[in-house]
Amino acid sequence: MDGDTLYSIGELARRTGLTVKAVRFYSDRGIVTPAGRSPAGYRRYGPDAVARLDLVRTLRELGLDLRTIRKVADRELPLPEVAAAHAEALAVQIRVLRLRHAVLTAVAERRLTPEETDLMHRLAQLSEAERRRLVGDFLDAVFDGPGADPAFAGVRRSMTPELPDEPEAEQTRAWAEWAELALDPGFRSDLRRMTEDLAAERARGGGTVPGRDFAATVRDLVAPALAAGVDPASHHADPVVTALAAHYARVCGGPDDAGLRRRLLLRLESVNDPRRDRYLRLLAVINGWPAPESPAPVLDWSAEAVRVRLRLRCAGDGR
């Protein structure tokens, strides 16, 4: 390119892809300056104005303000440092937008009230330290006392949410809902009662560590019958109920009698809490674990099968 070539504003606009109005705007603010004027007094620009305007357009598209752009173009500010500062600012904006997206999506999907929306928004905005305090308070409420035994450490860890430093929108949404659930006094109380039941069963059975998850054991025993379409009230379900009762008798360290089966029914009903199921699903999303299989179908089947046989036993006893 000829170093003596001068361009009008229109020619400069065509070469840079900017509008005439934009070129004039940048010129008026001193970001590009005329190299001279035509005999009629119109501004003329040198070849360096093309490169300068290309840089200006790029930096504007990246969100830099005009004052910073001028300093970068004049080499008063090093571009790498400016880029690093703006990248950090954009990262903060992205986190905020993810949070807003997560809350708004939850409001739409769950049809939350204004009060519930406010609570979810505040829970989603908690700092890392605040999140840790909430998690610790929840787990203490569930495990302190009977669950404070070191043998329960693994159970406690398996129920601990750990939101990553850069969560996805789905994880942020799951965290806010998890926190809302963890603050529910009724849910805390029910989980603590389950912990107490597990500790009592462990003590009666003489175990040194908590046994396998009760719902998982029930699933293993019942799933084949459920998959085969066995009616829980039919005689084909008898062996499955016998196996369930035998397992629970071993856990409790007692005989398989009417009293044990009543306790078994209560345990099945308490474990089959949709809030617990939801808790585990949210936990899996937050921690990036595979989605757990819902225990509800096998627990429903098991409870009905035990309930039917208790009614028959009571009828046979004349009660």
query = Does NZ or CZ of Arg267 fall inside the cone over Tyr248's six-membered ring, less than 6.0 Å from its centre and within 45° of the axis?
reply = no

note = Taken in chain and number order and not counting sequence neighbours, the residues that satisfy side chain to side chain donor-acceptor pair (under 3.5 Å) with Glu170 are none

task = Show the numbers, then the answer: is there a salt bridge (Lys or Arg N to Asp or Glu O under 4.0 Å) between Arg70 and Asp65?
result = CA-CA 9 Å; Arg70 182 171 183 174; Asp65 60 274; over 6 Å; no

request  = Inspect the surroundings of CZ in Arg67 and state if more than 12 heavy atoms from other residues, nucleotides or ligands are less than 6.0 Å away.
outcome  = no

inquiry  = side-chain contact (heavy atoms from CB on, under 4.5 Å) for Arg14 and Tyr7? Distances and angles first, verdict last.
reply    = CA-CA 10 Å; Arg14 285 192 295 273; Tyr7 304 108; over 6 Å; no

Output field: ring centroids Tyr45/Tyr26 closer than 6.0 Å = no

request  = Count the heavy atoms of every other residue, nucleotide or ligand shown that sit under 6.0 Å from CZ of Arg132, and state whether that count exceeds 12.
outcome  = no

Arg15 with Asp54: basic N within carboxylate O range, under 4.0 Å = no

query = How far apart are the C-alpha atoms of Leu126 and Leu134, what are their side-chain angles, what is the distance that settles it, and do they pass the side-chain contact (heavy atoms from CB on, under 4.5 Å) test?
reply = CA-CA 9 Å; Leu126 293 179; Leu134 190 154; 3.9 Å; yes

ask   = Got a second to check how far Leu299's CG is from Asp273's CG, nearest 0.5 Å?
value = 10.5 Å

task = Could you tell me whether Asp256 and Arg250 make a salt bridge, using a distance below 4.0 angstrom between a side-chain N and a carboxylate O?
result = no

request  = Begin from the C-alpha positions of Asp144 and Arg192 and carry the test salt bridge (Lys or Arg N to Asp or Glu O under 4.0 Å) through to its verdict.
outcome  = CA-CA 9 Å; Asp144 268 6; Arg192 181 176 179 83; over 6 Å; no

ask   = Would you find a donor on one side and an acceptor on the other, under 3.5 Å apart, between the side chain of Arg188 and the backbone of Val142?
value = no

Identified side chain to side chain contact (heavy atoms under 4.5 Å, CB included) counterpart of Val56 within the set Leu64, Ile69, Val23 = Ile69

Heavy-atom closest contact (Arg44 atom, Ser8 atom, distance) = NH1-CB, 3.4 Å

message = Here's a test for you: under side chain to side chain contact (heavy atoms under 4.5 Å, CB included), which of Thr58, Asp48, Thr16, Ile31 qualifies with Leu53?
response = Thr16

note = Closest non-hydrogen atoms of Ser302 and Val222, given as atom of the first, atom of the second and distance, are OG-CG2, 3.1 Å

request  = Could you check Phe138 against Leu191 for side-chain contact (heavy atoms from CB on, under 4.5 Å), going step by step and ending with a plain yes or no?
outcome  = CA-CA 10 Å; Phe138 168 76; Leu191 281 186; 3.6 Å; yes

inquiry  = Is there a side-chain contact between Arg276 and Asp190 in this structure, where contact means two heavy atoms from C-beta onward sitting under 4.5 Å apart?
reply    = no

message = As an exercise, state the distance from CG of Leu6 to CD of Glu11, rounded to the nearest 0.5 Å.
response = 9.5 Å

message = Using modelled atom types and a 3.5 Å cut-off, is there a donor and acceptor pairing between side-chain atoms of Tyr42 and backbone atoms of Ile9?
response = no

query = Where do Ala215 and Pro295 come nearest, in terms of heavy atoms and distance?
reply = CB-CB, 4.2 Å

ask   = Roughly how far, to the nearest 0.5 Å, is NZ of Lys71 from CG of Leu66?
value = 13.0 Å

ask   = Under the 3.5 angstrom rule, does the side chain of Ser189 hit a backbone N or O of Pro185 as a donor-acceptor pair?
value = no

query = If you measure from CG on Leu139 to OG1 on Thr195, what distance do you get to the nearest 0.5 Å?
reply = 10.0 Å

task = Look at the side-chain heavy atoms of Ile, Leu, Val, Met, Phe, Trp and Tyr, link any pair under 4.5 Å apart, and say whether Val50 and Phe25 land in one connected group.
result = yes

query = What residue among Leu264, Leu266, Asn272 forms side chain to side chain contact (heavy atoms under 4.5 Å, CB included) with Leu268?
reply = Leu264

message = When you group the ILVMFWY residues by side-chain heavy-atom contacts below 4.5 Å and let the links chain together, are Val155 and Trp178 in the same group?
response = yes

request  = Starting at CD of Glu162, measure out to CH2 of Trp289 and round the result to the nearest 0.5 Å.
outcome  = 7.5 Å

message = If the condition is side chain to side chain contact (heavy atoms under 4.5 Å, CB included), which residues does Glu293 pass it with, not counting sequence neighbours?
response = Arg219

key: Arg281 with Glu177: basic N within carboxylate O range, under 4.0 Å   = no

task = Report yes or no: do Met194 and Phe214 belong to one cluster of Ile/Leu/Val/Met/Phe/Trp/Tyr joined by side chain heavy-atom distances under 4.5 Å?
result = yes

Intermediate values then yes/no, salt bridge (Lys or Arg N to Asp or Glu O under 4.0 Å), Asp74 and Arg52 = CA-CA 9 Å; Asp74 290 341; Arg52 195 172 175 95; 2.3 Å; yes

task = Report yes or no: do Val285 and Leu280 belong to one cluster of Ile/Leu/Val/Met/Phe/Trp/Tyr joined by side chain heavy-atom distances under 4.5 Å?
result = no

task = I would like to know whether Arg43 and Ser27 meet side-chain contact (heavy atoms from CB on, under 4.5 Å); could you show each step before the answer?
result = CA-CA 9 Å; Arg43 288 175 280 193; Ser27 182; 3.3 Å; yes

Distance, nearest 0.5 Å, that separates CH2 of Trp301 from CG of Leu244 = 7.5 Å

query = So, for Gln171 and Pro167, which heavy atoms are closest and what is the spacing to 0.1 Å?
reply = OE1-CA, 3.5 Å

Minimum heavy-atom distance between Ala305 and Arg309, given as atom pair plus value = O-NH1, 2.9 Å

message = Give me the atom names and distance for the closest heavy-atom approach of Arg156 to Gly136.
response = NH2-O, 4.0 Å

ask   = Are the side chain of Arg307 and the backbone of Leu265 linked by a donor-acceptor contact shorter than 3.5 Å?
value = no

